[in-house]
Structures are given as C-alpha cells and as structure tokens.
Amino acid sequence: MDKYSITTMLTRKIKLVRIEYGYTQERMAEVLGISKKTLVQLEKERCVASWPAVVSLCVLFRDSDIIRHCLGGDPVELVETIAHQ
C-alpha cells in the first residue's frame, strides 16, 4: 500500500466511520480539523481527502472496525510505516 491507495480507500469510508461513531457531519468535521463543506465533498466522493486528514482519521478512529477491516490491522502502524518510506 502507498499514500495514494490508502487515501483513496479511506476517503470512500469516511461516511461509514462517521456513522459507526454516531457523529454528525459537523462533529466529524470538527474532530478531523476540516470544514463541514469539505467533509460533505469527501462523503460524496467529489474529492479525495488530504494525507493529513487520512492520518488524523487513522489515529483518532484507530478502533474503527471499518478502518481496521480496510487496512488489515493497526491503522496507526500502517500510516507511520508509509509516512517514513
């Protein structure tokens, strides 16, 4: 896996993670440090999340079943490995 594949994959899963945690779009955007408008665009797959947003998603939602299933293990360890390549 590389930054592009993880970013693309997790962009498609942001809405599911938000629902998994029971967050509103406003709350999810606040937690990730992005605007609600950007979150809406990501959830509609009109754009791809930035690498920092994906790292935040992996760190802050590391216990998400959805993220763990997508990445096949510890999401924090994976993004650390990829960031240092």
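Just so it is clear, the values below take in all heavy atoms, side chains as well, and ignore hydrogens, waters and symmetry mates.
- Nearest heavy atoms, Leu42 versus Ala49: CD2-N, 3.2 Å.
- Atom OG of residue Ser50 and atom CD1 of residue Ile34 lie 7.5 Å apart, to the nearest 0.5 angstrom.
- Here the straight-line distance linking atom CG of Leu60 with atom CE of Met28 works out to 9.0 Å at 0.5 Å rounding.
- Using a 4.5 Å cut-off on side-chain heavy atoms (C-beta onward), Arg68 and Asp63 make contact.
- The shortest non-hydrogen separation linking Arg62 to Val76 is NE-CG2, 3.4 Å.
- One finds the CE atom of Met9 at 6.0 Å from the SG atom of Cys70 (value rounded to the nearest 0.5 Å).
- Atom CD of Gln25 is surrounded by more than 12 heavy atoms from other residues, nucleotides or ligands within 6.0 Å.
- Ile66 is connected to Leu32 through a chain of hydrophobic side-chain contacts under 4.5 Å among Ile, Leu, Val, Met, Phe, Trp and Tyr, so both are in one cluster.
- If you take CG on Leu16 and CG on Asp65, they are separated by 12.0 Å, rounding to the nearest 0.5 Å.
- Taking 4.5 Å as the limit, every side-chain heavy atom of Glu26 sits out of range of all side-chain heavy atoms of Leu39.
- Between atom CD1 of residue Ile14 and atom CD1 of residue Ile19 there is a gap of 12.0 Å, rounded to the nearest 0.5 Å.
- To the nearest 0.5 Å, the span separating CG on Leu71 from CD1 on Ile82 amounts to 8.0 Å.
- Counting only heavy atoms from C-beta outward, the side chains of Leu78 and Cys58 never approach each other to under 4.5 Å.
- Electrostatic pairing of Glu43 and Arg18 counts as a salt bridge here, judged by a charged N lying under 4.0 Å from a carboxylate O.
- Between Trp51 and Tyr4 the shortest side-chain heavy-atom distance does not fall below 4.5 Å.
- The closest side-chain donor-acceptor pair between Thr8 and Ser5, if any, does not fall under 3.5 angstrom.
- Hydrophobic clustering (ILVMFWY, side-chain heavy atoms < 4.5 Å, transitive): Val59 and Val17 are in one cluster.
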